[in-house]
Amino acid sequence: QVQLVESGGGLVQAGGSLRLSCAASGSTFRINFMGWYRQAPGKQRELVASISSFGSTNYADSVKGRFTISRDNAKNTVYLQMNSLKPEDTAVYYCSVLANRSYWGQGTQVTVSS
């Protein structure tokens, strides 16, 4: 089992920055991919960014150049640095990791005001 605890969401003005963190505990040795998803009201959950255990990253087109995903394997933590935030980035952001199966965090609200 893997437990995930997210932090760092909040309210920010357009153009501002936020940094999300997700700390994993439990059977962390099984973790391969780590990623961030988001779900806006009335929309499907979508992948924002992911990072492999080797550091290979993948981003949604809508966030390329603005968001950066990173991980600290020693701390079993994944981060999402979000810069130049836009109102359309408003959503609940979920951390997810792939170990023996997928695990999900509880979600953290990010609200970007115009």
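Here the structure is a predicted model, which is why all the values come from computation and not from measurement. Residue indices begin at 1 and follow the sequence shown.
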Engineer: Would you please test Leu18 and Leu85 for side-chain contact (heavy atoms from CB on, under 4.5 Å) and show each step?
Structural biologist: CA-CA 8 Å; Leu18 283 174; Leu85 282 160; 4.1 Å; yes
Engineer: So, Thr28 side chain and Ser25 main chain: donor-acceptor pair closer than 3.5 Å or not?
Structural biologist: no
Engineer: Test salt bridge (Lys or Arg N to Asp or Glu O under 4.0 Å) on Lys86 and Asp89 and set out the steps.
Structural biologist: CA-CA 5 Å; Lys86 304 175 181 180; Asp89 294 318; over 6 Å; no
Engineer: Testing the 3.5 Å rule here: is there a donor-acceptor pair between the side chains of Thr111 and Gln109?
Structural biologist: yes
Engineer: Run the side-chain contact (heavy atoms from CB on, under 4.5 Å) check on Gln1 and Arg30 step by step: do they pass?
Structural biologist: CA-CA 9 Å; Gln1 294 286 336; Arg30 295 176 177 267; over 6 Å; no
Engineer: Between OG of Ser114 and CD of Gln13, what distance do you get to the nearest 0.5 Å?
Structural biologist: 9.5 Å
Engineer: Could you report the tightest heavy-atom contact between Gly9 and Val110, atom names first, then the distance?
Structural biologist: CA-CG2, 4.2 Å
Engineer: Between Asp72 (side chain only) and Lys75 (backbone N and O only), is there a donor and an acceptor less than 3.5 Å apart?
Structural biologist: yes
Engineer: Compute whether any side-chain donor of one residue and acceptor of the other, for Asn83 and Ser17, lie under 3.5 angstrom apart.
Structural biologist: yes
Engineer: Taking side-chain contact (heavy atoms from CB on, under 4.5 Å) as the criterion, tell me which of Trp104, Tyr103, Phe33 meets it with Val97.
Structural biologist: Tyr103
Engineer: Side-chain donor-acceptor pair under 3.5 Å between Arg45 and Tyr37, yes or no?
Structural biologist: no
Engineer: Taking it one step at a time, do Leu98 and Ile31 satisfy side-chain contact (heavy atoms from CB on, under 4.5 Å)?
Structural biologist: CA-CA 6 Å; Leu98 179 61; Ile31 293 175; over 6 Å; no
Engineer: Centres of the Phe67 and Trp36 rings: under 6.0 Å?
Structural biologist: no
Engineer: Quick check against the 3.5 Å criterion: does Arg71 have a side-chain atom that pairs as donor or acceptor with the backbone of Ile51?
Structural biologist: yes
Engineer: With rounding to the nearest 0.5 angstrom, report the CZ to CD distance, Arg38 to Gln44.
Structural biologist: 14.0 Å
Engineer: Please confirm whether the backbone N or O of Gly107 pairs with a side-chain atom of Glu6, one donor and one acceptor, at under 3.5 Å?
Structural biologist: yes
Engineer: Once disulfide bond (SG atoms under 2.5 Å apart) is applied, what residue pairs with a partner in residues 9-114 remain, sequence neighbours excluded?
Structural biologist: Cys22-Cys95
Engineer: Counting C-beta onward and ignoring hydrogens, is there a side-chain heavy-atom pair between Tyr59 and Asp61 closer than 4.5 Å?
Structural biologist: no
Engineer: Looking only at heavy atoms, which two atoms of Val48 and Val63 are closest? And how far apart?
Structural biologist: O-CG2, 3.6 Å
Engineer: In this structure, would Met82 and Val92 fall into the same cluster of hydrophobic residues linked by side-chain contacts under 4.5 Å?
Structural biologist: no
Engineer: State whether the side chain of Tyr93 and the backbone N or O of Leu80 hold a donor-acceptor pair below 3.5 Å, judged by distance alone.
Structural biologist: no
Engineer: In terms of hydrophobic clusters joined by side-chain contacts under 4.5 Å, are Val112 and Tyr94 together?
Structural biologist: no
Engineer: Does Leu47 form a side-chain contact (heavy atoms from CB on, under 4.5 Å) with Asn58? I'd like the steps, not just the answer.
Structural biologist: CA-CA 9 Å; Leu47 175 67; Asn58 181 51; 3.8 Å; yes
Engineer: Work out which heavy atom in Leu4 is nearest to a heavy atom in Gly105; give both atom names and the distance.
Structural biologist: CD1-N, 3.7 Å
Engineer: Does Arg19 make a cation-pi contact with Tyr79, if we ask for NZ or CZ under 6.0 Å from the ring centre and within 45° of the axis?
Structural biologist: yes
Engineer: Any side-chain to backbone donor/acceptor pair from Ser96 onto Gly35? Under 3.5 Å, distance only.
Structural biologist: no
